[in-house]
Student: 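Just passing along the structure, written as structure tokens.
Note that these values count all heavy atoms, side chains included, but never hydrogens, waters or copies made by symmetry. Residue numbers count from 1 along this sequence.
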Amino acid sequence: MRKTVSLFLVMVMLIAIFAGCQQQSESSQSSSSEVSAGSSDSSSQPESSEASEPGNEELEPVELIMYLIGDTPTEVDEVYGKINEILKEKINATVTPKYLSWAEHDTKYSLLFSGNEEFDIIYTASQWGHYEQTVSLGGLAPLSEEMISTYAPDIWKEWPTEAWDQVKIKGNIYMLPWNKAQARRNTLAIRGDLLTKYGYEKMDSYETLLSFYEDCAKDGMYACGEGGVNIYWLMFESLGYYALAGTPCDSQLLLYNFADLDDVDITYALEWEPFVEYCREMKKLADMGAWSSDVMNSTQERQDGFLAGRAASLIWNTGTCQIHGNTAAKNNPEWQVGLYDIASDKPFFNTSHLQNGVAINAKSKNIERSIMAINQFATNPEVQDLAQFGIEGKHWVAVGDTHYKVTDTPYNPSNYWGWTNSNIERLPANENPTEIDLQQEAIDQSYKSRSATNHILNCFTFDQEPVATQCAAVDAVKNTYLLPLMNGLVEDVDAAIAEYKSALDAAGMQDIITEAKKQVESFIAEHS
């Protein structure tokens, strides 16, 4: 009897243990299914990131090093001290930001990886932000969907599926992108007093702009050349073209016609008549003195000449033109500064999620914790407010739950865009909008009123790895040939283009074009 009772008790215990394990397994499977299901919901509203990550008590304390592009903000230590109080509580980690200045990031970004510097997180972006190049060199850690959904569950739930499709290279994710729709278009801030002086009633075309620049040059006024001439983007945007993302030379050599959904051909700039004509126009303007002959060696920021009164205009995105336009108008009201879109007859499309993001160093010892930290920056409203605006009450004050206004001592952040999330990002409470603010709003509304094209190549990103050597060689001759042409600093345009084309062929440009066409065909086949 005792043996029978003992055997019975053992069987009961085993059944209870098995049932408990089964229940725990089903619970885990259910939780995993919920996370996966959330990934396809692109319209979900932000939720609190409380207890999003594994329990803080299970995590060893770590210090994460994060590199951002831009100049080091004042009071950054105080602001990140507040951020780290939150991160310490949430994920038992702190973040130390370091900065690559605007003037040095082109040369120093890759050195962080080749020099084996120890860091964890880094800002990245397609084209100018070194994303594709760094991936091709093996510098960024691949992030699986399981890793993202586990360590950044809020990002995985909120971000639309297209975000992950856009940032993939060879089927792998190397970036946690921002979550913001923004019109992809360059805008102009122009001195209205000069428009009036030279007899211009409106500024609505690329051709009119060039004529205006000629008039300014005749009068000893620079066009926009501080920090380098950047009229080229305006030119091809005005024709409905855009850069093929990820291609060398900041994607300025290979373009596509985004205004025509049926046109999937790749345009090589050096065999494109508008590029040749553009170079001739820049030569003409440079000879007239529309910018300094030493412009390629300038250490000025793009806005400096405009704000100082040396240049007639500023070319940048609408928001940045609004900011610097307001500064110029406040300091010099007689300039009658205004904002202009010279391609208002062309459709537009939103920036892709490749426009801004953050990535993890492939050699980081804290990959999972880095993902958890980015999840906090991107989905915790308190952390996002601190990183973007500084300390509430000192640098800014809240206006309701969704807006803000700065104080007399604002915080000037640098490069917080990598984790911007429009679901929780505060908007400026513009109680007394300036004329420029109203113009910016009108331009934005005009973007929204136009049909945004959805060209299949808007989401394409060139993978440089198969032709990495050729891409490096093509980039290496950029300063020797392309920049002088784009700044009009050559003796003979046609001869300079022929010489540049020969140098590109020697560097392997035709291999790159062949590979780009191959990848485009494959991409279209996969996504059609």
Side-chain angles (χ1 to χ4, degrees), residues 105-107 109-110 125-137 169 228-237 239 241-258 263-286 295-297 457 460-523:
H105 77 86
D106 261 343
T107 56
Y109 195 99
S110 61
S126 181
Q127 303 173 42
W128 74 273
H130 316 283
Y131 179 55
E132 294 82 10
Q133 301 93 320
T134 310
V135 169
S136 69
L137 296 173
I169 295 178
V229 180
N230 53 346
I231 305 172
Y232 181 50
W233 293 79
L234 281 176
M235 181 275 288
F236 63 67
E237 286 178 354
L239 296 174
Y241 279 73
Y242 206 76
L244 190 67
T247 51
C249 286
D250 297 327
S251 303
Q252 296 174 111
L253 296 180
L254 299 182
L255 312 172
Y256 69 99
N257 184 0
F258 78 84
D263 186 354
V264 294
D265 291 336
I266 297 173
T267 297
Y268 179 29
L270 270 68
E271 297 176 350
W272 189 42
E273 185 57 33
F275 175 80
V276 177
E277 186 59 33
Y278 167 82
C279 293
R280 291 172 181 156
E281 291 287 352
M282 294 305 104
K283 166 69 173 169
K284 180 179 179 181
L285 286 170
V295 68
M296 286 176 55
N297 298 317
L457 295 185
F460 172 82
T461 301
F462 181 63
D463 176 15
Q464 293 192 3
E465 185 175 0
V467 284
T469 301
Q470 294 92 323
C471 287
V474 165
D475 281 329
V477 298
K478 171 185 174 182
N479 291 352
T480 304
Y481 298 99
L482 179 60
L483 294 186
L485 275 166
M486 295 180 68
N487 288 275
L489 303 177
V490 296
E491 291 295 327
D492 184 316
V493 170
D494 292 339
I497 290 177
E499 188 177 356
Y500 183 33
K501 192 171 186 295
S502 177
L504 288 175
D505 286 342
M509 189 66 204
Q510 293 304 318
D511 293 339
I512 296 172
I513 294 173
T514 299
E515 179 64 26
K517 290 180 177 179
K518 175 184 174 183
Q519 290 185 24
V520 163
E521 289 177 2
S522 176
F523 181 84

Student: Should the heavy atoms of other residues, nucleotides or ligands under 6.0 Å from CD of Glu491 be counted, would the total exceed 12?
Tutor: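 Atom CD in Glu491 is not packed in, count stays at 12 or less.
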Student: Which distance, rounded to the nearest 0.5 Å, do you find between the OH of Tyr268 and the NZ of Lys501?
Tutor: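 Spacing of OH (Tyr268) from NZ (Lys501) equals 5.5 Å.
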Student: Does Val264 form a side-chain contact (heavy atoms from CB on, under 4.5 Å) with Phe460? I'd like the steps, not just the answer.
Tutor: CA-CA 11 Å; Val264 294; Phe460 172 82; over 6 Å; no
Student: With side chains defined as the heavy atoms from C-beta onward, is the minimum distance between Tyr242 and Leu457 less than 4.5 Å?
Tutor: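 They are not in side-chain contact.
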Student: Kindly indicate whether the side chain of Phe275, heavy atoms from C-beta on, has any atom under 4.5 Å from the side chain of Leu270.
Tutor: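 Yes, close enough: below the 4.5 Å cut-off.
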Student: Does a side-chain heavy-atom distance below 4.5 Å link Pro274 with Tyr241?
Tutor: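 Answer no - side chains too far apart.
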Student: Walk me through it: do Leu489 and Met282 pass the test side-chain contact (heavy atoms from CB on, under 4.5 Å)?
Tutor: CA-CA 8 Å; Leu489 303 177; Met282 294 305 104; over 6 Å; no
Student: Any idea which heavy atoms bring Gln464 and Pro248 closest together, and the distance?
Tutor: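 Closest heavy-atom pair between Gln464 and Pro248: NE2-N, 3.9 Å.
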Student: What are the two closest non-hydrogen atoms of Lys283 and Val490, and how far apart are they?
Tutor: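 Lys283 and Val490 have their closest heavy atoms at NZ-O, 2.7 Å.
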Student: With a 4.5 Å heavy-atom cut-off, do Tyr256 and Asp265 have their side chains touching?
Tutor: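 No, every pair of side-chain atoms sits at 4.5 Å or beyond.
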Student: Indicate yes or no for a side-chain donor-acceptor contact from Thr514 to the backbone of Gln510 under 3.5 Å, with no hydrogens or angles considered.
Tutor: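 Pair found, side chain donor or acceptor close to backbone of Gln510.
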Student: Under the criterion side-chain contact (heavy atoms from CB on, under 4.5 Å), I'd like the reasoning laid out for Glu515 against Gln470: C-alpha separation, chi angles, the key distance, then a yes or no.
Tutor: CA-CA 11 Å; Glu515 179 64 26; Gln470 294 92 323; over 6 Å; no
Student: Kindly compute the distance separating CE (Met235) from CE (Met486), expressed to the nearest 0.5 Å.
Tutor: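 With rounding to 0.5 Å, CE (Met235) is 8.0 Å from CE (Met486).
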Student: Give the minimum heavy-atom separation between Ala243 and Leu255, together with the two atoms involved.
Tutor: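 For Ala243 versus Leu255, the nearest heavy atoms are CA-CD2, 3.8 Å.
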Student: Are Trp272 and Phe236 an aromatic pair by the rule of ring centers under 6.0 Å?
Tutor: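 Ring-ring flag for Trp272/Phe236: false, centres at least 6.0 Å apart.
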Student: How long is the straight-line distance from CG of Asn487 back to CD1 of Ile231, given to the nearest 0.5 Å?
Tutor: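 If I round to the nearest 0.5 Å, the distance is 9.0 Å.
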Student: With a 4.5 Å cut-off on side-chain heavy atoms, are Leu244 and Thr267 touching?
Tutor: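 When only atoms from C-beta onward are counted, Leu244 and Thr267 do not touch, as no gap falls below 4.5 Å.
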Student: Do the side chains of Ile497 and Leu485 get nearer than 4.5 Å, heavy atoms only?
Tutor: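 SC-SC contact between Leu485 and Ile497 confirmed.
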Student: Say you draw a straight line from CD of Glu132 to CG of Leu137; how long is it, rounded to the nearest 0.5 Å?
Tutor: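 Reported value, rounded in 0.5 Å steps: 12.0 Å.
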Student: Can you name the closest pair of heavy atoms from Val467 and Asp511 and give their distance?
Tutor: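 Scanning both residues, the minimum pair turns out to be CG1-O, 4.1 Å.
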Student: Is it true that a side-chain atom of Asp463 and a backbone atom of Glu465 form a donor plus acceptor pair closer than 3.5 Å?
Tutor: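 Present.
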Student: Does anything in residues 477-512 pair up under ring-ring contact (aromatic ring centres under 6.0 Å, His included), and if so which pairs, sequence neighbours excluded?
Tutor: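 Residue pairs passing ring-ring contact (aromatic ring centres under 6.0 Å, His included), neighbours aside: Tyr481-Tyr500.
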Student: Do the non-hydrogen side-chain atoms of Tyr109 and Gln133 ever get within less than 4.5 Å of each other?
Tutor: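 Side-chain contact under 4.5 Å: no.
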Student: Out of curiosity, Glu499 CD to Leu504 CG, how far, rounded to the nearest 0.5 Å?
Tutor: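 The CG atom of Leu504 is 11.0 Å from CD of Glu499, to the nearest 0.5 Å.
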Student: Does Lys284 come within less than 4.0 Å of Glu277, counting only side-chain N to carboxylate O?
Tutor: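 Judged by the 4.0 Å cut-off on N to carboxylate O distance, Lys284 and Glu277 do not form a salt bridge.
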Student: Would you please test Ile266 and Ile513 for side-chain contact (heavy atoms from CB on, under 4.5 Å) and show each step?
Tutor: CA-CA 8 Å; Ile266 297 173; Ile513 294 173; 5.5 Å; no
Student: For the residue pair Tyr232 and Ala269, what are the closest heavy atoms and their distance?
Tutor: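 Smallest heavy-atom distance, with atoms named: OH-CB, 3.7 Å.
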Student: Could you check whether Lys518 pairs with Glu521 (Lys NZ or Arg NE/NH1/NH2 to Asp/Glu carboxylate O, under 4.0 Å)?
Tutor: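 The answer is no: the pair does not qualify as a salt bridge.
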Student: So, do Leu253 and Val474 sit near enough that their side-chain heavy atoms are less than 4.5 Å apart?
Tutor: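 A side-chain contact under 4.5 Å exists here.
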Student: Give the minimum heavy-atom separation between Ala286 and Gly488, together with the two atoms involved.
Tutor: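 Closest heavy-atom pair between Ala286 and Gly488: CB-O, 3.4 Å.
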